[in-house]
Amino acid sequence: MSFYALKWGLTKDLDNPTTKLVLVMLCDYANDLNECYPSQQHLAKRCGVSERCIVTHIRKLEISNIIKVKRTKNGYKTRNYYKINMPYRSEKSSLNTNIYNKRKNKNFMHG
């Protein structure tokens, strides 16, 4: 889960609450590269809507260029990969820098 993506999704101003909910769910599953691949069935269950509703709102997000969808087929099975189009930020590097600075300041103050 990417807390940065989740925060970004929550602050995104969208005209439809279901579209925003779908975006937040995708952000909740995003990795450090802002990518995720939950099934539409799973998203529908988590959002409390139909699979058709998920398809509609994913399409709205895709048309708005908020997400990019890559569809792959493996025989009869289709899988969607979602890329959230947001500014890239390396959470690990900023988190490590913050921890390092806190430790450095603590050691400076106490020793």
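All residue numbers refer to positions in the sequence shown, counting from 1.
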Just to verify, what does Val49 make a side chain to side chain contact (heavy atoms under 4.5 Å, CB included) with, not counting sequence neighbours? Thr18, Cys47, Cys53, Ile54
Of all residues at least two apart in sequence or in a different chain, which pass the side chain to side chain contact (heavy atoms under 4.5 Å, CB included) check with Tyr81? Tyr37, Lys70, Thr72, Arg79
Before giving the answer on side chain to side chain contact (heavy atoms under 4.5 Å, CB included), spell out for Trp8 and Leu23 the whole-Å C-alpha distance, their side-chain angles and the decisive distance to 0.1 Å. CA-CA 10 Å; Trp8 180 84; Leu23 175 62; 4.2 Å; yes
Under 3.5 Å, is there a donor-acceptor pair between the side chain of Lys83 and the main chain of Leu33? yes
Closest non-hydrogen atoms of Cys27 and Gly9, given as atom of the first, atom of the second and distance, are SG-CA, 3.9 Å
Nearest heavy atoms of Cys36 and Tyr29, plus distance in Å: CB-O, 3.5 Å
Using the rule that two of Ile, Leu, Val, Met, Phe, Trp, Tyr join whenever any of their side-chain heavy atoms come within less than 4.5 Å, decide whether Leu21 and Val55 are in one cluster. no
If you define the side chain from C-beta out and look only at heavy atoms, does anything of Leu61 sit under 4.5 Å from Val69? no
Check the pair Thr56, Arg52 against side chain to side chain contact (heavy atoms under 4.5 Å, CB included), reporting the backbone distance first and the verdict last. CA-CA 6 Å; Thr56 299; Arg52 181 69 206 141; 4.1 Å; yes
Distance col, row Tyr4:OH vs Asp32:CG, nearest 0.5 angstrom, shows 12.5 Å
Trace of the side chain to side chain contact (heavy atoms under 4.5 Å, CB included) decision for Arg46 with Asp28: CA-CA 11 Å; Arg46 290 265 332 258; Asp28 187 37; 3.5 Å; yes
Criterion side chain to side chain contact (heavy atoms under 4.5 Å, CB included) on Leu14 and Ile66, from CA distance to verdict: CA-CA 10 Å; Leu14 298 172; Ile66 295 172; 3.4 Å; yes
What pair of heavy atoms forms the shortest contact from Asn16 to His57, and how long is it? OD1-CE1, 3.5 Å
Any side-chain heavy-atom pair from Ile58 and Leu43 closer than 4.5 angstrom? yes
Side-chain donor or acceptor of Lys68 paired with backbone N/O of Asn85 under 3.5 Å: no
Kindly compute the distance separating CG (Asn31) from CD1 (Ile84), expressed to the nearest 0.5 Å. 8.5 Å
Go through the structure and list residues passing salt bridge (Lys or Arg N to Asp or Glu O under 4.0 Å) with Glu62, not counting sequence neighbours. Arg59, Arg71
Supply the atom-to-atom distance Lys60 NZ to Asp15 CG, rounded to the nearest 0.5 angstrom. 6.5 Å
